[in-house]
Amino acid sequence: MPNFIMSYLDSKEALTPGSAGSQFWALIYVLIIFAGVSVAVIAMNWIERKLLAHFQVRLGPMRVGPHGLLQPIADAVKLMIKEDIIPAEADQLVFWFAPMIGLLAAFTVYTVIPFGPSQAVSDMNIGILFMLGVSSLGVLGIVVAGWASNSHYPLIGALRSSAQMVSYEVAMGLAVVSAILMTSLNASGTGTLSMIGIVQAQQQQGVWFIFKFFPLGLIAFAIFAIAMVAETNRAPFDLAEAESELTAGYHTEYSGLRWSLFMLAEYAAMIAVSSIAVTLWLGGWMRPFPNLLHAPAWDFIFSLFPGLTFLALAAIALIGVARMPAHSFFRIQRIGLAVFAALLGFVALLLLVIAVAGRSADMSVAGRFNDGIDHVYWFVLKVAVFMYLFIWYRATWPRYRFDQLMKIGWKVMLPISLGVLIVTAIVGVIFS
Amino acid sequence: MSAYKNDQTNDASNRALSSLDRSNLDLKTPDKTYLDSNELIINMGPQHPATHGVLRVILKLDGEKVLGTECVIGYLHRGVEKIAENRTYTMFAPYVDRMDYCAAVSNGLGYCEAVEKLMNVEAPPRAQYIRVILTELQRIASHQLWLGTHALDIGAMTPLFYTFRDREEILKIFEKYCGARLTTHAFRIGGCQYETYAGFEKDVKNFLTFFAPKIDEYEALLTTNRIWLERTKNVGVISGADCIALGVTGPVLRASGVKWDLRKAQPYAAYSKFDFEIPTGENGDTYDRYLVRMQEMRQSMRIVEQAVDAIPEGPIMGKVPKVIKPPVGEIYHSIEAPKGELGYFIVSDGSTQPYRLRVRPPSFVNLQALDLMVRGLLVADVIAVIGTIDIVLGEVDR
Amino acid sequence: MVPITTLHYLVVAAALFVLGVIGVLIRRNVVIVLMSIELILNAVNLNLVAFSRMWGNLHGQLFAIFIVVDAAAEAAVGLGILIAFFRNKETVNVDEIDLLKW
Amino acid sequence: MNLAMNSALNSTINSGMAPVATPWFFYVLAGVAVISGVLVITRRNAVHAALALIVTLLAVTGLYLMLYAPFVAGVQIIVYAGGIMVLFLFVIMLVNIDRSSKERRFNRIWAVGLGAACALLALFVFAFTKGKALFPDRGMPLAEGSNTQEIAKMLYGEAGRMGQYTFAFEIASLLLLVAILGAVIMTKKKI
Amino acid sequence: MAEEVKSPPPPPPPEGEREPAAEKLAAAASAAPAKPAAPAAKPAAPAKPAGPVPMPWTSPMVEKYRRQYGSGLDAQTYLGQNYLAVNRSLIPDILRLLRDEEQFDYCVDITAVHYPKREKQFDVVWILYSFPRNERVRVKTQIADGASIPSSVSIWPTANWLEREVYDMFGITFDGHPDLKRILLPDGWKGHPLRKDYGILQQDKEWVQINLGIESGQ
């Protein structure tokens with residue numbers, strides 16, 4: 001095999017492909033992440049509809065595929081073949097590429113998200129700064145889309161959502177800074193902005209930053225968790241898209257593929273900010289209690305989790321097969337769900353085999369592969385919790401009014417995050 | 001300050017105009033923009049997701065602050081009162097169901113009782129009990145529908161589905177009783193057309209036991225929800241005196257602290273026989289109206305419970321002739337519909353058709369208070385207030 | 001290919017700088033004039049960072065950061081003036097900003 | 001644009017301390033920066049100009065990354081592209097652009113301005129051609145990996161000592177505060 | 001009973017009072033023997049012998065007003081519901097007094113009835129309610145077609161839309177109404193649908209053709 005492929009795999013130290021200088025593997029990682037995020041967004045579409053439906057005593061999509069599993073694909077096909085309407089009075093060029101700005105910003109962020117100590121495209125020195133900066137570029141797409149539509153509701157929606165995103169970015173940034181401060185509580189006294197460095201700092205200090213200096217980390221995390229909902233324009237801060245007031249906000253005039261790009265960007269941004277939260281406060285890729293339960297046996301037990309999760313999913317799908325009415329109308333659906341269950345079961349088996357094979361935890365390929373799966377699994381699991389929260393919020397809460405939203409952003413969140421930052425600095429100096 | 005500002009602005013725009021002339025442009029008036037517009041006229045509706053039908057509200061805004069409103073109604077006008085003059089009393093009964101289609105049973109009760117009063121007959125006790133049961137169930141259903149849509153306007157999606165799920169149980173009872181779910185036409189002049197079906201009492205009791213925890217469920221979602229409180233507290237405040245002056249009745253009036261309910265004040269049907277309370281609010285804001293309606297559902301359940309337990313045996317139709325020909329005269333009869341005082345003013349000329357039938361619609365009169373309630377609030381509050389008045393455009397426009 | 005030297009960066013910076021100057025001098029729209037000023041500041045930043053690279057120390061980068069701070073302040077105040085001006089005169093043309101008061 | 005930037009970054013790290021080994025990136029970024037810079041000053045529509053300026057800023061960000069200045073690049077993105085330009089777009093939408101787009105684009109003395117700018121350009125060209133020898137081909141080594149830490153040390157000082165620029169930093173914060181106050185007071189109708 | 005009610009009314013003074021208000025019709029009105037109040041309860045058709053009949057309504061309040069306004073006002077009760085039939089000229093005073101002195105603080109409804117065959121074609125009806133007394137009263141007056149009547153918006157703000165609706169449906173104008181225009185029907189509508197001479201199938205063809213683009217007019 002060519003050297004540029006193997007050299008990265010054979011290297012003894014765990015580096016991201018970017019840091020290791022392997023452009024080939026960086027490209028592969030970019031493609032994997034691009035595909036993975038796209039699939040995740042499509043899956044999120046189904047999960048959100050399903051979950052919301054179950055929150056609201058409905059069934060949700062049930063017709064396209066077993067339990068509506070193929071619904072997102074049907075939706076995607078529908079959106080793709082729909083006419084791409086550009087209003088006559090709109091600014092054609094800007095209208096055309098406005099969705100791309102948001103999408104580009106949302107996806108670029110993923111280059112520095114560490115799914116594992118070496119499972120990232122690149123380990124930037126300014127990782128978190130880069131993430132915040134690039135994700136704030138998403139506002140541009142929204143503002144420009146609302147402006148280019150040349151219509152009232154989109155313009156008001158765009159102004160609202162960008163005002164909202166800009167003001168919540170402040171509190172968000174300050175909360176992030178207080179987490180970064182915590183990374184500097186080591187012997188050398190220097191912190192890091194690198195995403196991987198932040199997780200490693202948590203590893204070294206033996207505590208997730210959410211529990212560091214007990215209420216402080218939690219408060220900063222809470223501020224970030226609220227601000228990120230506002231930042232992504234989700235309920236209860238979805239004023240820009242409040243259908244009872246502004247029909248659909250900045251993307252009122254969009255249709256078809258271009259509209260779906262906005263959706264893609266929104267969900268990608270949701271996953272991205274959740275990833276920041278996970279990285280900064282919830283220990284990133286680390287499994288629970290890596291410092292308490294550090295025996296190799298525990299490593300092995302925890303490495304079984306991915307396989308077991310898929311096994312559980314397969315079991316749920318099988319239960320679904322069993323519960324389907326025994327009517328010929330459901331035959332194809334039953335077969336489809338059974339195949340899906342088998343697929344999940346196969347993945348589960350594969351993961352379990354890898355877990356067993358990579359048990360030795362040396363630097364063999366299987367071992368590294370196993371570690372990688374472990375890291376990605378725990379990271380994705382934590383992100384999934386946030387995704388669930390996003391949906392839960394949406395099902396539970398009414399919507400804020402715009403002045404209340406701004407009041408909370410500037411008069412509540414900002415002072416609290418400033419206070420937390422100051423107190424964290426003081427406590428950090430005293431206790432280090 | 002503002003006058004000074006306007007002068008300045010005019011002066012400035014004049015200057016801007018003259019300078020424009022210098023540069024040979026054919027722009028005569030300076031365009032208005034968001035920032036500079038001291039007053040902005042925005043048209044909300046008639047096609048707007050949050051105006052509960054075809055209500056059109058013209059808003060005069062300063063930024064997002066509402067300076068004044070004007071309601072434009074009549075998009076759903078069907079001329080119910082004119083139709084009444086050309087139908088016999090019996091034929092017209094189904095039409096009243098179409099006014100407040102969310103509370104058809106209440107409309108029918110008011111109409112039948114008005115005609116009965118005009119003819120000086122009375123429905124037998126069993127019929128009256130059935131009427132009370134169905135009307136109170138209808139009140140619950142109407143309030144459920146209100147709660148769901150109101151919460152949806154404010155952004156809470158889930159209560160809508162909960163309330164519709166539970167409203168379904170009431171509609172099932174209606175369907176079993178008279179075959180229709182929405183526009184029931186359950187009552188006839190002189191009593192009820194249908195005897196209760198076998199198991200009616202059981203169904204109603206089952207519903208009561210089913211529904212009691214559901215109200216708690218709604219309240220768990222909303223009553224102490226911080227965002228709900230922020231969106232509804234001190235929003236759309238109206239005092240009791242203003243309510244009376246504007247003729248506002250129903251839960252809106254009671255939420256402003258006036259303990260007045262036609263079921264107690266001037267009991268009709270069998271209401272004097274039941275023990276229930278009139279919930280009132282204190283501040284007259286959207287939140288109090290929400291609380292009052294929630295309490296009313298509970299009180300309605302109490303009434304239904306007592307009525308089902310005490311329902312007497314006997315005939316269900318009073319002694320009314322086949323052809324209904326009330327004597328010459330006129331009558332005003334009103335009942336406490338879910339939305340307020342629903343009155344029928346009927347003038348009879350002794351023929352089989354009403355000479356003049358006037359409906360006093362609660363939604364129509366209550367909607368007048370919108371302007372007073374939303375002044376100085378924000379656009380988003382207008383939506384909340386429209387929801388809290390609980391209008392049905394079928395009744396507003398008739 | 002010719003290796004990229006500091007001079008290359010300086011040429012780019014000079015080009016951006018001249019573009020910014022042209023913008024300031026010939027455009028009528030205040031917003032675009034302000035944007036041209038941002039262009040000039042960026043050109044200067046690029047120079048500073050290029051020199052920082054050339055001399056191998058960080059002073060240039062620090063100056064660049066200070067200039068970014070300055071640019072933010074300038075944008076805020078400049079746009080504030082613009083809005084106040086627009087509210088009174090309903091124009092955004094530099095030509096018409098010829099009074100010292102309004 | 002961003003992807004290109006990342007690749008530029010990767011290659012920067014890739015090539016260690018040597019000057020960036022891919023001049024190609026430099027030419028692309030420089031070309032993009034200059035072309036969109038031209039668009040900034042020629043576009044009639046202010047929103048288009050603003051978008052062009054954003055492209056310029058991002059291209060310049062890429063150049064910063066090639067110059068081993070990741071922190072400046074980050075600041076550039078977060079402050080310029082994310083903050084200042086959004087502010088610009090806001091203001092463009094608030095003030096009326098419909099009218100200004102119908103007016104003349106350039107002022108009456110545009111020829112003079114252009115002439116002056118050309119003179120300036122000539123000066124630059126002269127200076128660069130004369131002083132070409134002054135610029136070394138290779139830059140001095142600059143630690144990219146700890147760039148942020150180094151900048152922090154210069155700004156805030158280290159181990160109890162005040163940094164070289166601490167005072168300037170404080171002044172800058174004061175400047176920002178004044179700017180905030182000024183902007184608020186100027187734009188608010190009534191305080 | 002009915003005769004007893006009828007017997008006191010026909011007093012000339014209210015007739016005279018009415019004249020300046022509606023000059024055109026005054027001549028016709030004075031020509032016919034005035035039956036100001038009582039017939040209101042007995043519209044077109046003759047009363048059946050059986051069934052309830054209106055009774056005089058006696059109460060301290062009525063006595064007081066009768067003393068004050070004499071025969072311009074007639075109080076009756078029918079099926080337990082009280083009403084005052086009042087001369088048009090007394091309307092603003094009576095309404096105001098009812099609110100201020102008798103605590104009828106809630107104007108339930110304002111409506112009208114059209115009797116095309118009668119001299120004074122319209123009955124205008126105020127349905128009032130008193131919260132403190134828990135009592136309803138109807139106030140009625142007769143006015144001729146084309147005549148106007150003082151608005152009661154200054155007494156009860158709720159009268160605003162109610163009077164607009166009466167105007168919309170009957171064409172009765174209210175003097176002093178702040179914004180008297182059509183409320184349920186479109187602004188350009190011709191005719192007033194609740195008049196008896198407006199057939200139920202009659203549409204405003206012109207309006208429909210122009211505004212809805214339906215050629216047949218319906």
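All values below were derived from every heavy atom in this structure, side-chain atoms included, with hydrogens, water molecules and symmetry-related copies excluded. By convention in this document, chain letters (A, B, ...) are assigned in the order of the sequence lines, proteins followed by strands, and residues within each chain are numbered from 1.
Atom CD of D:Glu150 and atom CG of C:Leu62 lie 10.5 Å apart (nearest 0.5 Å). Atom OG1 of D:Thr61 is separated from atom CG of C:Asn42 by 7.5 Å, given to the nearest 0.5 angstrom. To the nearest 0.5 Å, atom CG of residue D:Leu57 and atom CE of residue C:Met35 are 10.5 Å apart. Atom CE in D:Met85 sits 7.5 Å away from atom CD in C:Glu38 (nearest 0.5 Å).
Only the side chain of D:Ala116 comes within contact range of chain C, judged by heavy atoms closer than 4.5 Å. D:Val79 touches chain C through its side chain: at least one heavy atom from C-beta onward sits under 4.5 Å away, while N, CA, C and O do not. Both the backbone and the side chain of D:Leu63 come within less than 4.5 Å of a heavy atom of chain C. When heavy atoms are compared at a cutoff of 4.5 Å, D:Phe90 does not approach chain C at all. Using a 4.5 Å cut-off between heavy atoms, C:Leu19 contacts chain D through both its backbone and its side chain. For a residue to count as touching a neighbouring chain, one of its non-hydrogen atoms must lie under 4.5 Å from one of that chain's; by this rule D:Tyr80 touches chain C with the side chain only. For C:Ala64, the part sitting under 4.5 Å from any heavy atom of chain D is the side chain, from C-beta outward, and nothing else.
C:Val18 and D:Ala117 make their closest contact through CG1-O, 3.8 Å (heavy atoms, listed as atom of the first residue, atom of the second, distance). Taking both residues in full, the closest heavy atoms of D:Ala46 and C:Ile32 are given as CA-CD1, 4.2 Å, listed atom of the first, atom of the second, then distance. For the residue pair D:Ile84 and C:Ala75, the shortest heavy atom distance occurs at CG2-CB, 3.6 Å. Across every non-hydrogen atom of D:Thr42 and C:Arg27, the tightest pair is C-NH1, 3.5 Å. For the residue pair D:Ala183 and C:Ala76, the shortest heavy atom distance occurs at CB-O, 3.7 Å.
C:Asn45 has its side chain out of reach of D:Val72: every pair of non-hydrogen atoms, C-beta onward, lies at least 4.5 Å apart. Residues C:Leu58 and D:Phe71 are not in side-chain contact: their nearest non-hydrogen atoms beyond the backbone lie 4.5 Å or more apart. Side chains of C:Ile65 and D:Phe169 form no contact here, defined as non-hydrogen atoms less than 4.5 Å apart. Side-chain contact between D:Gln76 and C:Val49: absent, with no pair of heavy atoms (C-beta onward) separated by less than 4.5 Å. In this structure, D:Leu114 and C:Ile22 have side chains that are in contact, with non-hydrogen atoms separated by less than 4.5 Å. Within the 4.5 Å cutoff, the side chain of D:Leu155 has heavy atoms near those of the C:Phe66 side chain.
If you tally non-hydrogen atom pairs under 4.5 Å between each of D:Leu177, D:Leu176, D:Ile180, D:Val178 and chain C, the highest count goes to D:Leu176. Most heavy-atom pairs under 4.5 Å with chain D: of the set C:Asp70, C:Val33, C:Val69, C:Leu46, this distinction falls to C:Leu46. Among the candidates D:Ala168, D:Ala127, D:Cys118, the residue making the largest number of heavy-atom pairs closer than 4.5 Å to chain C is D:Ala168. Listed options D:Gly31, D:Ala50, D:Gly182, D:Gly83 were ranked by heavy-atom pairs under 4.5 angstrom with chain C; first place goes to D:Ala50. Ranked by heavy-atom pairs under 4.5 Å with chain C, the list D:Leu175, D:Val75, D:Ile151 is led by D:Ile151.
Applying the side chain to side chain donor-acceptor pair (under 3.5 Å) test to residues at least two apart or on different chains, the pairs with a partner in residues 164-179 of chain D are C:His59-D:Tyr165. Sorted pairs that involve residues 21-40 of chain C and meet ring pair (Phe, Tyr, Trp, His ring centres under 6.0 Å), not counting sequence neighbours, are lacking altogether.
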Requested in this report: Could you walk me through whether C:Leu82 and D:Val91 pass the side chain to side chain contact (heavy atoms under 4.5 Å, CB included) test, one step at a time?
Outcome: CA-CA 8 Å; C:Leu82 174 65; D:Val91 170; 3.5 Å; yes
Report task. Starting from the C-alpha separation in whole Å, work towards a yes-or-no answer on side chain to side chain contact (heavy atoms under 4.5 Å, CB included) for D:Leu87 and C:Leu79. Result -> CA-CA 8 Å; D:Leu87 192 62; C:Leu79 294 174; 3.6 Å; yes
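Although no hydrogens or angles enter the test, the distance criterion places a donor-acceptor pair under 3.5 Å between the side chain of C:Gln61 and the main chain of D:Tyr68.
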